Amino acid sequence: MTAPLFPGRARRSVAALGAVSAGLLLLSACDKPTPLATVTVGSSSVSAESDCRGDGKELSMDKVQECLTGLKNAKTIEYGRGDTLRLGVEPAVVEDGKKWQAVLDGQPITEPSSNTYRSFQGADVFATGGQGEAPASKMLGLVQVGEDGKPLAVWSFKLKLK
């Protein structure tokens, strides 16, 4: 019969120390999640983290345009003419004097707001004003702006015509 190398209490202490160390290592490897933005049409919703962010610094206008128009992996939601479009952001987006605004195909459709929710009843975002056939989809962006009005982050979504 062999004697244990460590008494029971010492083994438990070493095991607990190992578990705490592993936990701290895992926590240090995680990035803090960015706030979500949500687009709702009828009973369907899609949420996404920001596609572009400056981590507290402003984004260049070129970067904002790229984020609003050039993203191929934007979350998609179907939209029918006359549907109610609902847009929402988490409260962290409007903290410390920040605001957000909605941009459709690169053109602002709202003023910057510190509210976390906007609703557009019966809006026809695919209206062309008699300028030909409506496109099959449009890019919808939510842009976070600082107190000075400079862009800080962009969430992008694709509205697909039903």
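Worth saying up front: this structure is predicted, and the values here are computed from it rather than measured.
Listed for the Lys63 side chain is no donor-acceptor partner under 3.5 Å among the backbone atoms of Cys52. Using modelled atom types, one side-chain atom of Asp105 and one backbone atom of Met139 make a donor-acceptor pair closer than 3.5 Å. With hydrogens and angles ignored, the 3.5 Å screen pairs no side-chain donor or acceptor of Thr116 with any backbone N or O of Glu90. In terms of modelled atom types and a separation under 3.5 Å, the side chain of Trp100 and the main chain of Gly88 share no donor-acceptor contact. Panel note: side chain Lys75, backbone Ser47; a donor-acceptor pair is recorded below 3.5 Å. Between the Ser156 side chain and the Cys67 main chain, a donor and an acceptor come within less than 3.5 Å of each other.
Between Pro135 and Leu161, the shortest heavy-atom contact is O-CD2, 3.9 Å. Heavy-atom minimum distance, Ser114 versus Lys99: N-CG, 4.1 Å. The minimum heavy-atom distance between Pro108 and Gln101, with the atom names listed, is CB-NE2, 3.3 Å. For Thr84 against Ser119, the heavy-atom pair with the smallest separation is CG2-OG, 3.6 Å. Contact between Leu140 and Ala102 at its shortest, heavy atoms only, is CD1-CB, 4.5 Å. The two residues Ala127 and Arg81 make their nearest non-hydrogen contact at N-NH1, 4.1 Å.
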Derivation and outcome, side-chain contact (heavy atoms from CB on, under 4.5 Å), residues Ser113 and Arg118: CA-CA 9 Å; Ser113 173; Arg118 301 283 308 255; 4.1 Å; yes
Verdict with supporting geometry, Val125 and Leu159, side-chain contact (heavy atoms from CB on, under 4.5 Å): CA-CA 9 Å; Val125 299; Leu159 296 177; 3.8 Å; yes
Worked verdict on Leu152 versus Arg53 for side-chain contact (heavy atoms from CB on, under 4.5 Å): CA-CA 6 Å; Leu152 301 173; Arg53 59 185 172 275; over 6 Å; no
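One hydrophobic cluster holds both Phe126 and Leu87 under the rule that ILVMFWY side chains link at heavy-atom gaps under 4.5 Å. Follow the hydrophobic side-chain contacts under 4.5 Å out from Val145 and you never reach Leu104; the two are in separate clusters. Using a 4.5 Å cut-off between side-chain heavy atoms of Ile, Leu, Val, Met, Phe, Trp and Tyr, with links allowed through other members, Val103 and Val64 fall into the same hydrophobic cluster.
Side-chain atoms of Val93 and Trp155, non-hydrogen and from C-beta on, do get closer than 4.5 Å to each other. At least one side-chain heavy atom of Phe157 sits less than 4.5 Å from a side-chain heavy atom of Val46. The shortest distance between side-chain heavy atoms of Val154 and Leu59 falls below 4.5 Å. Looking only at side-chain heavy atoms (C-beta outward), Pro151 and Met61 come within less than 4.5 Å of each other. Inter-residue side-chain proximity for Val41 and Leu85 is flagged as met; some heavy-atom pair is nearer than 4.5 Å. Side-chain contact check for Asp96 versus Glu147: every heavy-atom pair is 4.5 Å or farther apart. In this structure the side chain of Pro35 never reaches within 4.5 angstrom of the side chain of Val89, judged on heavy atoms. Side-chain atoms of Arg86 and Phe120, non-hydrogen and from C-beta on, never get closer than 4.5 Å to each other.
In the displayed structure, Lys160 atom NZ is contacted under 6.0 Å by at most 12 heavy atoms of other residues, nucleotides or ligands. Within a 6.0 Å sphere centred on NZ of Lys150, other residues, nucleotides and ligands contribute 12 heavy atoms or fewer.
Expressed to the nearest 0.5 Å, how far CD of Gln121 lies from CG of Asp83 amounts to 11.0 Å.
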